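Everything on this sheet refers to the single structure shown next.
Note on naming: letters A, B, ... go to the chains in the order of the sequence lines (proteins, then strands), and numbering restarts at 1 for each one. From a predicted model like this one, the values you see are computed outputs, not experimental measurements.
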Protein chains: 2
Amino acid sequence: MSQQAVTVPPVPAARTRSRVRSEVPEATVARLPVYLRALSALADSGRTTVSSEALATASGVGSAKLRKDLSYLGSYGTRGVGYDVQELVLHISRALGLGQRWSVVLVGVGNLGQALAGYGGFDDRGFRIAALLDADPRRTGEVVAGLPIRPLADLDEVVRQEQVSIGVIATPASAAQEVCDRLVAAGVSSILNFAPTVLQVPQGVDVRRVDLSNELQILSFHEHRKAAAAGTAS
Amino acid sequence: MSQQAVTVPPVPAARTRSRVRSEVPEATVARLPVYLRALSALADSGRTTVSSEALATASGVGSAKLRKDLSYLGSYGTRGVGYDVQELVLHISRALGLGQRWSVVLVGVGNLGQALAGYGGFDDRGFRIAALLDADPRRTGEVVAGLPIRPLADLDEVVRQEQVSIGVIATPASAAQEVCDRLVAAGVSSILNFAPTVLQVPQGVDVRRVDLSNELQILSFHEHRKAAAAGTAS
DNA sequence: TTTTGTGAAATGATTCACAGCC
DNA sequence: GGCTGTGAATCATTTCACAAAA
């Protein structure tokens, strides 16, 4: 059937007043981090140059798609040779806005929130957890992954003082919309939502949703079809 | 900018030998779980019927899209009235293959694996964790979320005995491909991968990837663009 | 009168295939 | 000779807009 997945077009498409012309297609943006990761691995293994074919294979896509994706960023390859690994890392990083270190606030330090805080996927690549917040006052002060848990009331202060522009919601579904509203009110304009709810946000705010059971259900659909197909194998 | 995201077209498109004709578009499949969740909430709140407009709003999509999506499953609405909530839940569940209970094996019981095991998103909707496996022999026997951790060597036995067809990988990136190979060898044909790697799998195996730092980087891209746009506000 | 279901149009993404450059 | 960059063709998805059903 397929390959890697989970991150594409459910982003409904920008509806900005002034039609800003996004230049890089959304589907391409969603793949850039994958290329970046593959390139880092190549760099670590000592490769200095790579062909579209090789990088495409490592990223689980076709080489034509890869080349078209990269072409939106500019012409950084050399015909007959390939791409310079270091240089390409730089260009993709720049396109993704990874030149700066983004501060993130994580709300909801339960099971999942703790795992996220300790995951390493943050520092890993230019992100920094500015604070952990939790609504339960009994958790205040507890230290998780080296950071003290703070009360939700500190939200505005944290966002202002730490220049936070990305919020991660790892609360139960029932609290997610309210937390989201408060994040937006505090000035956060990008949200990563792990709670199984659809958040309502004003224009100009980006939300991405990660939902375990959604993913399982999509896999279930395909399993179901495969089983049915196998049964019909005349 | 946008709305909910994270689960769509990065699924490269089916490449099955015999061109099975998928009927329901991939993009639609990725949204069905969202509708299902919204419908459950409506049912809990006592609603018995819902219009495409209302359900669309609750799901973060447009009503035309919703109606077209549902039309791939059949004509289950009543003109002038809307959809019967219970009935629609049933039809979507059936389409997703949720009539049966799927058994899942979770490999890698670290930080994230533990959070997933305890998340509740499994039992929640027709999924059952058949076993927790971990490569570290020191963890064997430890009980997490009510289940004992078993050694990786038990994989084949678990898959066979428990009729497992879905595997969840929550190992470090370095171990993911090997675990994946063993899952596939054992007969698992759908994989949910939380490790930050692109898995290579044979045809007929579905992989979906969930990657925290990918999501953050996509948000970073949009933040970056918004900041640039704000700066250019002449 | 309301709201579905759906052809047809518009938009977006992928793939092809090859000219151009190293 | 090998490999990129990209128009043009294809395929997929979304949106429009309205006829038909309740």
Side-chain angles (χ1 to χ4, degrees), chain A residues 2-5 7-16 19 21-32 34-35 47-57 59-85 87-88 91, chain B residues 2-5 7-16 19 21-32 34-35 47-57 59-85 87-88 91:
Chain A
S2 51
Q3 300 268 46
Q4 320 316 126
T7 58
V8 185
V11 177
R15 169 99 52 209
T16 333
R19 249 305 112 204
R21 265 298 276 145
S22 189
E23 198 56 21
V24 186
E26 195 52 39
T28 295
V29 171
R31 282 185 297 264
L32 292 178
V34 179
Y35 303 151
R47 288 289 291 268
T48 64
T49 120
V50 67
S51 70
S52 64
E53 190 61 39
L55 182 52
T57 302
S59 307
V61 302
S63 65
K65 193 190 274 186
L66 172 77
R67 288 199 302 278
K68 172 123 323 193
D69 281 343
L70 295 184
S71 78
Y72 292 112
L73 310 187
S75 290
Y76 301 123
T78 309
R79 291 165 201 240
V81 179
Y83 302 89
D84 181 274
V85 174
E87 198 190 337
L88 200 47
H91 287 302
Chain B
S2 51
Q3 300 267 47
Q4 321 316 126
T7 57
V8 186
V11 178
R15 169 102 51 211
T16 333
R19 247 308 111 203
R21 264 298 277 145
S22 190
E23 197 57 20
V24 185
E26 196 51 40
T28 295
V29 171
R31 283 186 296 266
L32 292 178
V34 179
Y35 303 152
R47 288 289 291 268
T48 64
T49 135
V50 68
S51 70
S52 65
E53 190 62 39
L55 181 53
T57 301
S59 307
V61 302
S63 67
K65 194 190 271 186
L66 172 78
R67 288 200 302 279
K68 175 127 305 197
D69 281 344
L70 295 184
S71 78
Y72 292 112
L73 310 187
S75 290
Y76 302 123
T78 308
R79 290 166 201 240
V81 179
Y83 301 89
D84 180 273
V85 173
E87 198 189 337
L88 201 47
H91 287 301

Original post:
Does B:Tyr76 have any ring-ring contact (aromatic ring centres under 6.0 Å, His included) partners at least two apart in sequence or in another chain, and if so, which?
Top reply: B:His91
Subject >> Nearest-angstrom distance from the residue atom CG of B:Asp69 to P of D:dT13 >> reply: 10 Å
**OP:** Rounded to the nearest angstrom, tell me the gap between atom CG in A:Leu70 and atom P in C:dT14.
**Re:** 13 Å
Original post:
How about A:Thr78 and A:Thr49: do any of their side-chain heavy atoms sit closer than 4.5 Å?
Top reply: no
Original post:
Mapping A:Gly80 and A:Arg67 onto DNA chain C by nearest heavy atom, which one lands closer to the 5' end?
Top reply: A:Arg67
Original post:
Please give, in whole Å, the distance from C:dT4 P to B:Tyr72 OH?
Top reply: 17 Å
Subject >> Side-chain touch A:Leu32/A:Leu73, heavy atoms, less than 4.5 angstrom >> reply: yes
Original post:
What heavy-atom pair brings A:Tyr35 and A:Leu55 nearest, and what distance separates the two atoms?
Top reply: O-CD1, 4.3 Å
**OP:** Indicate whether OP1 or OP2 belonging to D:dT4 is found under 4.0 Å from a side-chain N or O atom of A:Ser52.
**Re:** yes
**OP:** Check every atom of C:dG5, C:dA13, D:dA8 against the side chain of B:Ser75 and return the nucleotide holding the closest atom.
**Re:** C:dG5
Original post:
For the pair made of CD in B:Glu23 and P in D:dA12, what is the distance, rounded to whole Å?
Top reply: 13 Å
Subject >> Spacing of B:Tyr76 atom OH relative to C:dT6 atom P, expressed in whole Å >> reply: 12 Å
Original post:
Once you round it to whole Å, what is the distance between P of C:dC16 and CG of A:Leu66?
Top reply: 15 Å
Original post:
Can you name the closest pair of heavy atoms from B:Tyr83 and B:Ser51 and give their distance?
Top reply: CD1-C, 4.5 Å
Subject >> Nearest-Å distance for atom pair NZ/P, residues A:Lys68 and C:dG12 >> reply: 15 Å
Original post:
Would you say a side-chain N or O of A:Tyr83 is under 4.0 Å from OP1 or OP2 of C:dC22?
Top reply: no
Subject >> Gap between atoms NZ and C1', on B:Lys65 and C:dT3 respectively (whole Å) >> reply: 20 Å
**OP:** Identify, between A:Thr78 and B:Glu53, the residue whose nearest nucleotide on DNA chain C lies closer to the 5' end.
**Re:** B:Glu53
Original post:
Quick one: the side chain of A:Arg79 and the base of D:dT4, do they pair up donor-acceptor inside 3.5 Å?
Top reply: yes
